[in-house]
Amino acid sequence: MKVLVLVSGGIDSTTCLALAVDKYGRENVSALSMYYGQKHDKELACAKKVAKVYEVDYMELNLSSIFAQSNCSLLRHSSEDIPKESYADQLDKRDGVPVSTYVPFRNGLFLASAASIALSKECSLIYYGAHSDDAAGNAYPDCSSSFNNAMNDAIYIGSGNQVKIEAPFVNMTKKDVVAKGIELSVPYELTWSCYEGHEKPCGVCATCIDRQRAFEENGVKDPLLMQEEKK
C-alpha cells in the first residue's frame, strides 16, 4: 500500500502524516503540499521540515491561479483582514455562510489534484487531516464527513477504482487529534497553524485559538510556544 498525504505544516496534517508513516512505513508514504496564494508561506516551510523529519518523499504544487478571483481573507491579494475571533463567534454573524477564511472548494481541488498525482505515483490511498471541529457550524463544509464520502466516491470511480481517500480524523475533535499526535510523538514544535506569517503565532485568530485549546484540553503546553519562549 502506497499512501499520498496532503500536508500543510499544521498539527492536523502533520498528525495525519505521522499516522500514515506508523501504519504503512515511511518508504510507502509521500507528502504533498499546496501553495494556493495564502498570505504567507511559513506553513509550507514547516511542511517541508516535517517531511524531512519523517524521511518521506515531498512535493509542492502551485494552485494559486485558481483562487485569483476569490477575496477570501486567507489569500495574499484579499482586501479583507483575517478575523481575530473564534470560529463560533464568526459563525454567529454569518447566517450559515462559511467563515471568511474558507477558501472556495479548496479541499475539493486539493483532493482532485492529489488523485492525479497518486495515480502517477501508484498510490492507492490519499490521507488528509480534516476533523469535525472545522466542519462544525458549516465553517469549512469541505471538512465534513459527507463531503469526504462524496469525494471518495468520485475519486474512486474516476480513478478506475484505483484510488481512495481517507480522512482518519473526520469524526474526531482537534483535542482528539492532538491526543493521537502525542501518542505518536509528533514534533509539534515544527508545525505552524497561525493564519498570520509573523515570527510568533498571533494567538487571536481562530486557528490559534483552536490550537491552544486542543493542547490545554490534553493537559500539555503547545511545544511550539515552549520553543518560542526559549528564544
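Throughout, numbering of the chain's residues begins at 1 and tracks the sequence. What you see below is based on every heavy atom in this structure, not just the backbone, and it leaves out hydrogens, waters and symmetry mates.
Summarising the geometry, atom CG belonging to Asn161 is positioned 13.0 Å from atom CD1 belonging to Ile155; distances are rounded to the nearest 0.5 Å. Taking OH of Tyr58 as the reference point, atom NZ of Lys49 lies at 11.5 Å (rounded to 0.5 Å). For the atom pair Ser33 OG and Met59 CE, the distance stands at 9.0 Å (nearest 0.5 Å). Distance check, rounded to the nearest 0.5 Å: CG of Leu17 to CG of Asp22 gives 11.0 Å. Taken to the nearest 0.5 Å, the OG atom of Ser193 stands 12.5 Å off from the CD1 atom of Ile209. The CD atom of Glu189 sits 9.5 Å away from atom CG of Asp222, with the distance rounded to the nearest 0.5 Å.
Counting heavy atoms from C-beta on, the side chains of Ser100 and Cys72 never come closer than 4.5 Å. For the pair Val99 and Pro83, the minimum side-chain heavy-atom distance is 4.5 Å or more. Annotation: side chain of Met1 is not in contact with side chain of Asn28 (no heavy-atom distance under 4.5 Å). Counting only heavy atoms from C-beta outward, the side chains of Gln162 and Ser124 never approach each other to under 4.5 Å. Side-chain atoms of Leu125 and Leu4, non-hydrogen and from C-beta on, never get closer than 4.5 Å to each other. Annotation: side chain of Leu32 is not in contact with side chain of Phe110 (no heavy-atom distance under 4.5 Å). Looking at heavy atoms from C-beta onward, Val170 lies out of side-chain contact with Cys143 at the 4.5 angstrom threshold. Residues Tyr128 and Asn107 form a side-chain contact, since some pair of their non-hydrogen atoms from C-beta on lies under 4.5 Å apart.
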- Determine, step by step, whether Tyr87 and Asp133 satisfy the side chain to side chain donor-acceptor pair (under 3.5 Å) criterion, reporting the C-alpha distance in whole Å, the side-chain angles of both residues, the deciding distance to 0.1 Å, and the verdict. CA-CA 9 Å; Tyr87 291 125; Asp133 285 351; over 6 Å; no
- Message: Working note: Thr101 + Tyr140, criterion side chain to side chain donor-acceptor pair (under 3.5 Å); need CA distance, chi angles, decisive distance, verdict.
- Response: CA-CA 9 Å; Thr101 48; Tyr140 294 103; 2.6 Å; yes
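Pairing each heavy atom of Ala114 with each of Leu6, the nearest pair is CB-CD2, 3.9 Å. Scanning all heavy atoms of the two residues, the minimum distance from Cys205 to Tyr195 falls at SG-N, 3.6 Å. The two residues Ala51 and Ala31 come nearest to each other via the heavy atoms CB-CB, 4.4 Å. The two residues Ala18 and Tyr54 come nearest to each other via the heavy atoms CB-OH, 3.3 Å. Shown here for Ser113 and Leu61, the closest heavy-atom pair between the two residues is CB-CD2, 3.7 Å. Scanning both residues, Phe147 and Pro141, for their nearest heavy atoms gives CB-O, 3.6 Å.
Evaluation of the salt bridge (charged side-chain N to carboxylate O under 4.0 Å, His left out) test over residues 24-38, restricted to residues two or more places apart or in two chains, returns Arg26-Glu55. Applying the side chain to side chain donor-acceptor pair (under 3.5 Å) rule to pairs touching residues 9-18 yields Ser8-Ser13, Asp12-His131, Asp12-Lys174, Thr15-Tyr188, sequence neighbours excluded. Pairs of residues two or more places apart, or lying in two chains, never qualify as ring-ring contact (aromatic ring centres under 6.0 Å, His included) while including a residue from residues 2-28. Among residues at least two apart or in separate chains, salt bridge (charged side-chain N to carboxylate O under 4.0 Å, His left out) pairs with a member in residues 81-97 are Lys84-Glu196, Glu85-Lys93. Among residue pairs with one or both ends in residues 114-125, those qualifying as salt bridge (charged side-chain N to carboxylate O under 4.0 Å, His left out) are Asp57-Lys121; sequence neighbours excluded. Among residues at least two apart or in separate chains, there is no salt bridge (charged side-chain N to carboxylate O under 4.0 Å, His left out) pair with a member in residues 148-170.
Among Val5, Val21, Val7, the single residue meeting the side chain to side chain contact (heavy atoms under 4.5 Å, CB included) criterion with Val56 is Val21.
Both tests pass for Arg106 against the ring of Tyr36: distance under 6.0 Å to the centre and angle within 45° of the axis.
Checked by atom type and distance alone, the side chain of Ser120 pairs as donor or acceptor with a backbone atom of Ser116 at under 3.5 Å. A donor-acceptor pair is defined here as one N or O able to donate and one able to accept, closer than 3.5 Å; such a pair exists between the side chain of Asn138 and the backbone of Gly96. Under a 3.5 Å cut-off, the side chain of Asn218 and the backbone N or O of Val220 do not form any donor-acceptor pair. Put simply, the side chain of His40 gets close to the backbone of Cys194: a donor and an acceptor are under 3.5 Å apart. Here the side chain of Lys39 pairs no donor or acceptor atom with the backbone of Gly197 at under 3.5 angstrom. At least one donor-acceptor pair closer than 3.5 Å links the side chain of Ser132 to the backbone N or O of Met172.
Residues forming a salt bridge (Lys or Arg N to Asp or Glu O under 4.0 Å) with Lys221 (at least two apart in sequence, or on another chain): Glu229. In this structure, Lys175 has no salt bridge (Lys or Arg N to Asp or Glu O under 4.0 Å) partners at least two apart in sequence or on a different chain. Partners of Arg213 according to the salt bridge (Lys or Arg N to Asp or Glu O under 4.0 Å) rule, which considers only residues two or more places apart in sequence or in another chain, are Asp210. Shown here are the salt bridge (Lys or Arg N to Asp or Glu O under 4.0 Å) partners of Asp142, two or more places apart in sequence or in another chain: there are none. In terms of the side chain to side chain contact (heavy atoms under 4.5 Å, CB included) criterion, residue partners of Asn71 (sequence neighbours excluded) are, by chain and number, Ser78, Ser79, Glu80.
For the residue pair Thr173 and Asp176, a side-chain donor N or O sits within less than 3.5 Å of a side-chain acceptor on the partner. Side chains of Ser64 and Arg76: a donor-acceptor N/O pair is absent below 3.5 angstrom, by distance only.
Residue Leu109 is not grouped with residue Leu44 when hydrophobic side chains (ILVMFWY) are merged at heavy-atom distances under 4.5 angstrom, including chains of intermediate members. Using a 4.5 Å cut-off between side-chain heavy atoms of Ile, Leu, Val, Met, Phe, Trp and Tyr, with links allowed through other members, Val177 and Val50 fall into the same hydrophobic cluster. Residues Leu119 and Ile117 are members of one and the same hydrophobic cluster, defined by side-chain heavy-atom contacts under 4.5 angstrom among Ile, Leu, Val, Met, Phe, Trp and Tyr. Grouping the Ile, Leu, Val, Met, Phe, Trp and Tyr side chains by contacts below 4.5 angstrom, directly or via other members, places Tyr156 apart from Ile165.
Think of Leu224 as one node in a network of Ile, Leu, Val, Met, Phe, Trp and Tyr side chains linked at under 4.5 Å; its network also takes in Trp192.
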